[in-house]
*Asks:* 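Can you read through this structure? Questions will come right after.
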There are 2 protein chains.
Amino acid sequence: MGIAERRQKEKAEMRQNILDAAMDLFVSEGFENVSIRKIAEKIEYHPSTIYLYFEDKDSIIFELHNIGFMKLLEKQMSIQNVADPVERLFAHGRAYLEFALENQHYYDIMFILPNPTIKIANCPRWEGKDRAYDLLKKNIDQCMDAGHFSGLTDDGLAFILWSLMHGIASLHIRRGVVLAEFYEGQTSNLVDYSLTMLHTFVEKLM
Amino acid sequence: MGIAERRQKEKAEMRQNILDAAMDLFVSEGFENVSIRKIAEKIEYHPSTIYLYFEDKDSIIFELHNIGFMKLLEKQMSIQNVADPVERLFAHGRAYLEFALENQHYYDIMFILPNPTIKIANCPRWEGKDRAYDLLKKNIDQCMDAGHFSGLTDDGLAFILWSLMHGIASLHIRRGVVLAEFYEGQTSNLVDYSLTMLHTFVEKLM
DNA sequence: TGACAAAATCAACAGTGTTGATTATATTTG
DNA sequence: CAAATATAATCAACACTGTTGATTTTGTCA
């Protein structure tokens with residue numbers, strides 16, 4: 001069965017090629033300007049060929065969406081070794097914001113663009129979001145175990161914190177609104193500013 | 001000059017017709033499925049005719065974006081008579097969320113879709129966002145004058161609050177993530193839940 | 001009524017996602 | 001090795017999309 005195995009590997013490589021080309025175009029040409037035909041041209045295949053590897057265009061975007069969640073989760077896992085639970089929660093927030101601003105196109109696909117949402121609706125149970133959410137909630141629980149955030153629920157705080165982080169990230173990515181007052185072009189500025197705000201803020205909740 | 005005046009009025013009516021048709025399609029057919037040709041069919045004109053009234057498709061969306069900001073501002077003005085500044089701030093938040101969830105398509109155009117952002121970039125100074133932002137900041141300032149939120153800046157708090165409200169609204173509109181835990185289909189549920197959270201939260205900041 | 005300007009239409013261009021039929025390329029069998 | 005078969009890639013076409021220059025219809029005024 002060595003041959004079927006190789007077939008499978010080639011298929012996977014081709015899928016990856018397509019995904020890479022799509023992501024490249026996404027970054028270089030922007031949102032709307034990535035087309036099946038341009039992807040095909042980039043990998044030097046006929047447009048039809050892509051349909052042998054993906055059901056349709058949305059499936060490609062959905063796959064990029066999944067890859068983005070993998071990357072986010074990986075980044076979030078990398079700070080789980082921070083000892084103090086509150087510090088860990090801040091690191092968690094920083095990791096989220098850094099991910100969003102350093103991978104704006106992934107973040108766009110994951111949380112802002114409508115296309116993946118459509119696919120998710122047809123996807124009975126997609127665990128990516130749950131894993132990210134559970135990780136946040138676990139961190140919050142551990143803060144609570146350490147005696148913080150009394151009077152709040154973990155779900156409630158998770159809801160607020162995620163919404164806040166997403167709000168900051170997405171208002172930035174679709175800028176022109178609100179953030180012009182703070183933002184002067186450097187990503188780090190916004191992350192630092194936001195984290196300072198988050199500190200001021202979460203400390204009052206503790 | 002009665003004739004030129006009528007001409008102008010007819011032109012304005014036609015523009016409004018186009019905008020109405022576009023918004024209808026937006027609501028009924030959804031995001032991507034509104035095309036110049038469908039708008040034309042709806043108002044029973046030839047597609048080309050639309051280009052006599054709008055420069056291009058993005059201009060139509062940009063105009064809807066502006067109308068949305070007018071509506072939001074109007075709603076926010078309507079609660080400015082609440083006497084207590086802190087109560088007024090909460091009413092402000094509620095108005096924002098209600099607007100977002102009751103006019104999801106407007107909110108989408110205003111804050112989520114990429115198209116208007118492109119047009120804004122070419123628009124040297126578009127005051128819509130400023131007016132909404134200034135109103136929020138004014139309310140915050142008045143809370144501060146009443147002795148609340150010591151140790152915070154008005155810009156900082158405005159940044160946090162707007163980001164939070166936008167995060168809640170946009171995660172809801174592009175749902176499937178996070179909110180499934182809370183959201184059970186009724187808009188009012190989410191508004192009430194969010195407002196409860198906001199209360200718990202802002203009271204600790206005071 | 002004829003001249004002129006404004007409004008609407010037409011036909012076409014280049015681009016899009018997608019698909020059924022067709023050709024080329026491997027792989028397996030006789 | 002050659003024939004038969006399964007897989008991969010291409011092709012041509014369909015029905016869309018936004019947009020525009022040329023053309024026709026409509027309305028207004030002398």
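Small disclaimer: the values here were computed from a predicted structure and weren't measured. By convention in this document, chain letters (A, B, ...) are assigned in the order of the sequence lines, proteins followed by strands, and residues within each chain are numbered from 1.
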*Asks:* Taking 4.0 Å as the cut-off, does a side-chain nitrogen or oxygen of Tyr51(B) come that near to OP1 or OP2 on dT9(C)?
*Replies:*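 Result: no.
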*Asks:* Just call it for Phe54(B): base, sugar-phosphate, or nothing, with non-hydrogen atoms closer than 4.0 Å on any strand.
*Replies:*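 Answer is nothing: Phe54(B) stays at 4.0 Å or more from every strand.
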*Asks:* Going by the salt bridge (charged side-chain N to carboxylate O under 4.0 Å, His left out) test, name the single residue among Glu55(A), Glu10(A), Glu63(A) that passes it with Arg15(A).
*Replies:*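 Exactly one candidate clears the test, Glu63(A).
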*Asks:* Atom NZ of Lys11(B) to atom P of dT26(D): distance rounded to whole Å?
*Replies:*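 Atom NZ in Lys11(B) sits about 19 Å away from atom P in dT26(D).
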*Asks:* Please state how far atom CD in Glu41(B) lies from atom C1' in dT17(D), giving the value in whole angstrom units.
*Replies:*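 So the CD-C1' distance, Glu41(B) to dT17(D), works out to 14 Å.
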*Asks:* Nearest whole angstrom, please: distance from the C1' of dT16(C) to the CD of Glu32(B).
*Replies:*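 That distance rounds to 11 Å.
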*Asks:* Begin with the C-alpha distance, continue with both residues' side-chain angles, and end with the deciding distance and a verdict on side-chain contact (heavy atoms from CB on, under 4.5 Å) for Ile60(A) and Ile50(A).
*Replies:* CA-CA 10 Å; Ile60(A) 298 175; Ile50(A) 290 177; 3.9 Å; yes
*Asks:* Let me know the distance between OH of Tyr53(A) and P of dT7(D), rounded to the nearest Å.
*Replies:*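 Roughly 13 Å, once rounded to whole Å.
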*Asks:* Taking atom P of dA11(C) as reference, at what distance in whole Å does atom NE2 of His46(B) sit?
*Replies:*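 His46(B) atom NE2 is separated from dA11(C) atom P by 8 Å.
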*Asks:* Please tell me which of the listed nucleotides, dA8(D), dA8(C), dT19(D), lies nearest to the side chain of Ile36(B)?
*Replies:*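 Nearest to the side-chain atoms of Ile36(B), counting from C-beta on, is dT19(D).
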*Asks:* From the set dG18(D), dA8(C), dT10(D), return the single nucleotide nearest to any side-chain atom of Tyr45(B).
*Replies:*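 For Tyr45(B), the side-chain atoms sit closest to dA8(C).
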*Asks:* Let me know the distance between CD of Glu10(B) and C1' of dA8(C), rounded to the nearest Å.
*Replies:*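 Value for this atom pair: 13 Å.
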*Asks:* By nearest atom, which of the nucleotides dT19(D), dA12(D), dT18(C) is closest to the Pro47(B) side chain?
*Replies:*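 So the side chain of Pro47(B) is nearest to dT19(D).
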*Asks:* Confirm from the modelled atom types if Ser48(A) and dT18(C) form a donor-acceptor pair under 3.5 Å, side chain to base only.
*Replies:*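 No, no donor-acceptor pair under 3.5 Å.
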*Asks:* What is the separation between atom CZ on Arg37(B) and atom C1' on dT16(C), rounded to the nearest whole Å?
*Replies:*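 The answer, rounded to whole Å, is 12 Å.
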*Asks:* Identify whether any heavy atom of Ser35(B) sits under 4.0 Å from a base atom; if not, whether one sits that close to sugar-phosphate; answer base, sugar-phosphate or nothing.
*Replies:*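 It contacts sugar-phosphate atoms only.
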*Asks:* Please report the distance, rounded to the nearest Å, between CG in Asn33(B) and C1' in dC16(D).
*Replies:*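 Rounded to whole Å, this separation is 11 Å.
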*Asks:* Determine whether more than 12 heavy atoms belonging to other residues, nucleotides or ligands lie under 6.0 Å from atom CD of Glu41(B).
*Replies:*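 For Glu41(B), atom CD is not crowded (no more than 12 foreign heavy atoms under 6.0 Å).
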*Asks:* Let me know which of Phe159(B), Phe99(B), Tyr107(B), Tyr96(B) forms a ring pair (Phe, Tyr, Trp, His ring centres under 6.0 Å) with His166(B).
*Replies:*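 Going through Phe159(B), Phe99(B), Tyr107(B), Tyr96(B) one by one, the ring pair (Phe, Tyr, Trp, His ring centres under 6.0 Å) with His166(B) is satisfied by Tyr107(B) alone.
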*Asks:* Please pick, from dC10(C), dT16(C), dT10(D), the nucleotide with the shortest atom-to-atom distance to any side-chain atom of Lys38(A).
*Replies:*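 Side chain of Lys38(A) sits closest to dT16(C).
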*Asks:* So, Asp108(A) and Arg174(A), do they make that salt bridge, N to O below 4.0 Å?
*Replies:*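 Here Asp108(A) pairs with Arg174(A) in a salt bridge, since their nearest N and O are under 4.0 Å apart.
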